[in-house]
A.B. asks: 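Got a structure for you, written out below as structure tokens; questions coming shortly.
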Amino acid sequence: TSVYDGLLLSAQHRATKGLTLSANYTLSRCISDLVNYEPAQAGIPLTKPGDKAYDRGSCGVSDRRHIANVSTVYQVPALSKGVVGAITRDWQVSGIVRAQTGNFYSVTTGADNALSGTPNQRPNLIANPYLKNGYQWLNPAAFAAPAPGTYGDLKANSLVGPGTFNVDMGLSRSFKAGKEREFQFRAEIFNLLNNTQLQNPVTALTASNFGFITAAYDPRIIQLAVKFGF
């Protein structure tokens with residue numbers, strides 16, 4: 001069972017002198033008894049058999065508290081007449097700016113401390129879990145393995161990963177080649193600023209690199225495309 005609540009604000013500036021602008025902001029929260037990422041598959045067993053409430057927490061990767069988006073489309077006017085005007089007219093520039101807080105996840109002990117045979121058991125939380133020193137996001141000293149036969153007190157999906165800020169841009173123009181034929185040229189740049197978009201840290205307490213961020217999302221990518229319509 002999942003419970004979702006949130007607030008959505010949006011604004012739009014309609015086309016004026018070739019410029020269209022829209023923006024939205026979402027403040028949300030998602031609480032679930034257990035998130036099953038493999039519906040119709042084997043499913044996910046309760047960490048603490050018979051205790052559904054022990055696994056109640058954030059919905060995990062699908063739960064982000066704050067998400068803000070701004071998108072714009074600009075129809076570039078001809079800069080002059082004649083040849084220069086023919087070259088510069090009909091270009092369209094688009095952009096999307098997205099900022100969001102990190103998603104939620106759990107730390108696991110990496111061992112069967114409870115002696116129950118169930119995976120993904122959680123440790124005890126004994127201090128501030130965040131270190132945020134370079135790529136070391138979590139503080140190893142903040143977690144302790146529970147005593148044999150017991151369960152840790154760390155709540156399910158109670159930790160938050162790094163947020164992201166990203167800018168994508170596109171440039172396109174269509175060229176007529178007869179009544180029904182058309183060429184379209186398009187250039188796209190993803191992650192325009194080439195920001196390092198960090199993923200969640202290693203979460204297994206027994207891992208040698210526990211708490212470190214070892215992966216990131218894609219760097220800047222540029223792609224060019226030509227489409228012919230007929």
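Keep in mind that this is a model prediction, so the values were computed, not measured.
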A.B. asks: If you round to the nearest 0.5 Å, how far is CG of Leu27 from CD1 of Ile67?
C.D. replies: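 If we round to the nearest 0.5 Å, Ile67:CD1 and Leu27:CG are 10.0 Å apart.
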
A.B. asks: Provide the closest heavy-atom pair for Ile213 versus Ala215 in the form atom of the first, atom of the second, distance.
C.D. replies: CG2-O, 3.4 Å

A.B. asks: Tell me, with the steps shown, if Leu205 and Thr108 meet side chain to side chain contact (heavy atoms under 4.5 Å, CB included).
C.D. replies: CA-CA 6 Å; Leu205 202 59; Thr108 59; over 6 Å; no

A.B. asks: I'd like to know if the side chain of Arg64 and the backbone of Thr101 have a donor-acceptor N/O pair within less than 3.5 Å.
C.D. replies: yes

A.B. asks: Give, for atom NZ of Lys227 and atom OG of Ser174, the distance between the pair rounded to the nearest 0.5 Å.
C.D. replies: 7.5 Å

A.B. asks: Hey, do the aromatic rings of Phe230 and Phe228 have their centres closer than 6.0 Å?
C.D. replies: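 Centroid distance Phe230-Phe228: below 6.0 Å, so yes.
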
A.B. asks: Hydrophobic clustering (ILVMFWY, side-chain heavy atoms < 4.5 Å, transitive) - are Val70 and Val93 grouped together?
C.D. replies: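 As far as the 4.5 Å side-chain criterion goes, Val70 and Val93 are connected within one cluster.
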
A.B. asks: Write down the atom of Tyr151, the atom of Pro146, and the distance for their closest heavy-atom approach.
C.D. replies: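 For Tyr151 and Pro146, the tightest heavy-atom pair comes out as C-CB, 3.9 Å.
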
A.B. asks: Give me the atom names and distance for the closest heavy-atom approach of Ala142 to Pro129.
C.D. replies: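 That would be CB-CA, 3.7 Å.
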
A.B. asks: List the atom of Ala141, the atom of Ile126, and the distance in Å for their closest heavy-atom pair.
C.D. replies: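 Ala141 and Ile126 have their closest heavy atoms at O-CD1, 3.4 Å.
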
A.B. asks: Over 60° means perpendicular and under 30° means parallel, so tell me whether Phe175 and Trp91 are parallel, tilted or perpendicular.
C.D. replies: perpendicular

A.B. asks: Could you grab the distance from atom CG of Leu8 to atom OG1 of Thr26, nearest 0.5 Å is fine?
C.D. replies: 4.5 Å

A.B. asks: Indicate yes or no for a side-chain donor-acceptor contact from Asn195 to the backbone of Gln197 under 3.5 Å, with no hydrogens or angles considered.
C.D. replies: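 Side chain of Asn195 to backbone of Gln197, a donor-acceptor pair under 3.5 Å: no, none is there.
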
A.B. asks: Please determine whether residues Val167 and Ile189 belong to a single hydrophobic cluster, defined as Ile, Leu, Val, Met, Phe, Trp and Tyr linked transitively by side-chain heavy-atom distances below 4.5 Å.
C.D. replies: yes

A.B. asks: Mind listing the closest non-hydrogen atom pair of Ser106 and Thr203 along with its distance?
C.D. replies: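 Minimum heavy-atom contact is O-CB, 3.4 Å.
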
A.B. asks: Any heavy-atom pair between the side chains of Phe165 and Val97 that's under 4.5 Å?
C.D. replies: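 The answer is yes, as the side chains (C-beta and beyond) meet within the 4.5 Å cut-off.
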
A.B. asks: Determine, stepwise, if the pair Gln100 / Arg98 fulfils side-chain hydrogen bond (donor to acceptor under 3.5 Å, both in side chains).
C.D. replies: CA-CA 7 Å; Gln100 58 187 11; Arg98 182 179 182 89; 3.1 Å; yes

A.B. asks: More than 12 heavy atoms of other residues, nucleotides or ligands under 6.0 Å from CZ of Arg181: yes or no?
C.D. replies: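 Incorrect, the count does not exceed 12.
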
A.B. asks: Can you find a pair of side-chain heavy atoms, one from Arg14 and one from Thr20, that are under 4.5 Å apart?
C.D. replies: no

A.B. asks: Would you find a donor on one side and an acceptor on the other, under 3.5 Å apart, between the side chain of Asn24 and the backbone of Ser10?
C.D. replies: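 Between the backbone of Ser10 and the side chain of Asn24 there is no qualifying donor-acceptor contact (under 3.5 Å).
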
A.B. asks: Quick one about Asp63 and Ser58 (side-chain donor to acceptor, distance below 3.5 Å, no hydrogens or angles considered), yes or no?
C.D. replies: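 Result is yes, a qualifying pair exists.
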
A.B. asks: Have a look at Val160 and tell me which of Tyr130, Tyr105, Trp137 forms a side-chain contact (heavy atoms from CB on, under 4.5 Å) with it.
C.D. replies: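 Between Val160 and the candidates, side-chain contact (heavy atoms from CB on, under 4.5 Å) is satisfied uniquely by Tyr130.
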
A.B. asks: Are Ile222 and Phe185 linked, directly or through intermediate hydrophobic residues, by side-chain heavy-atom contacts shorter than 4.5 Å (ILVMFWY only)?
C.D. replies: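 As far as the 4.5 Å side-chain criterion goes, Ile222 and Phe185 are connected within one cluster.
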
A.B. asks: Quick one: does NZ or CZ of Arg122 land under 6.0 Å from the six-membered ring centre of Phe143, within 45 degrees of the ring axis?
C.D. replies: no

A.B. asks: Quickly, which of Asn133, Asn128, Leu131 forms a side-chain contact (heavy atoms from CB on, under 4.5 Å) with Asn139? Name it, please.
C.D. replies: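 Of Asn133, Asn128, Leu131, side-chain contact (heavy atoms from CB on, under 4.5 Å) with Asn139 is met by Leu131 alone.
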
A.B. asks: Calculate, to the nearest 0.5 Å, the distance between atoms SG and CD1 belonging to Cys59 and Ile31 respectively.
C.D. replies: 6.5 Å

A.B. asks: Consider only side-chain N and O atoms of Asn191 and Asp168, and report whether a donor and an acceptor are under 3.5 Å apart.
C.D. replies: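 There is no such pair between these side chains.
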
A.B. asks: For the hydrophobic clusters of this structure (ILVMFWY residues joined by side-chain heavy atoms under 4.5 Å, transitively), does one cluster hold both Val76 and Phe183?
C.D. replies: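 Yes; Phe183 is reachable from Val76 via cluster members.
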
A.B. asks: For Val202 and Ala207, work out which heavy atoms get closest and say how close.
C.D. replies: CG1-CB, 3.8 Å

A.B. asks: Gln92 versus Leu171: any side-chain heavy-atom pair under 4.5 Å?
C.D. replies: no

A.B. asks: Treating Gln199 as the side-chain partner and Ala216 as the backbone partner, does any N or O pair qualify as donor plus acceptor under 3.5 Å?
C.D. replies: yes

A.B. asks: Checking side chain to side chain contact (heavy atoms under 4.5 Å, CB included) for the pair Asn209/Thr214: CA distance, chi angles, key distance, verdict?
C.D. replies: CA-CA 9 Å; Asn209 56 353; Thr214 60; 3.6 Å; yes

A.B. asks: Should Leu224 and Leu192 be regarded as members of a common hydrophobic cluster, given that ILVMFWY residues are connected when their side-chain heavy atoms come within less than 4.5 Å of each other, either directly or indirectly?
C.D. replies: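 Linked within one cluster.
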
A.B. asks: Would you find a donor on one side and an acceptor on the other, under 3.5 Å apart, between the side chain of Asn194 and the backbone of Arg220?
C.D. replies: yes

A.B. asks: Measure the shortest side-chain to side-chain distance between Phe190 and Met169 over non-hydrogen atoms and say whether it is less than 4.5 angstrom.
C.D. replies: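 The answer is no; the side chains never approach within 4.5 Å.
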
A.B. asks: Going by heavy atoms in the side chains, are Cys30 and Val3 under 4.5 Å from each other?
C.D. replies: no

A.B. asks: Looking at Lys155 and Asp153, does any basic side-chain N land under 4.0 Å from a carboxylate oxygen?
C.D. replies: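 Result for this pair is no, no salt bridge flagged.
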
A.B. asks: Would you say the side-chain atoms of Thr47 and Thr118 include a donor-acceptor pair closer than 3.5 Å?
C.D. replies: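 Short answer, no.
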
A.B. asks: Give, for atom CG of Asp55 and atom NZ of Lys52, the distance between the pair rounded to the nearest 0.5 Å.
C.D. replies: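 These two atoms lie 10.5 Å from each other.
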
A.B. asks: Do Leu198 and Thr196 have side-chain heavy atoms sitting under 4.5 Å apart?
C.D. replies: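 When only atoms from C-beta onward are counted, Thr196 and Leu198 do touch, with a gap below 4.5 Å.
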
A.B. asks: Contact between Gln121 and Asp112 at the side-chain level, heavy atoms closer than 4.5 Å - yes or no?
C.D. replies: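 Yes, at least one pair of side-chain atoms sits under 4.5 Å.
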
A.B. asks: Does Leu19 reach the side chain of Thr72, with side-chain heavy atoms less than 4.5 Å apart?
C.D. replies: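 Sidechains of Thr72 and Leu19: in contact.
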
A.B. asks: Roughly how far apart are Phe104 CZ and Ser32 OG, rounded to 0.5 Å?
C.D. replies: 13.5 Å

A.B. asks: Taking the six-membered ring for Trp, are Tyr135 and Phe212 closer than 6.0 Å centroid to centroid?
C.D. replies: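 Ring centroids of Tyr135 and Phe212 are no less than 6.0 Å from each other.
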
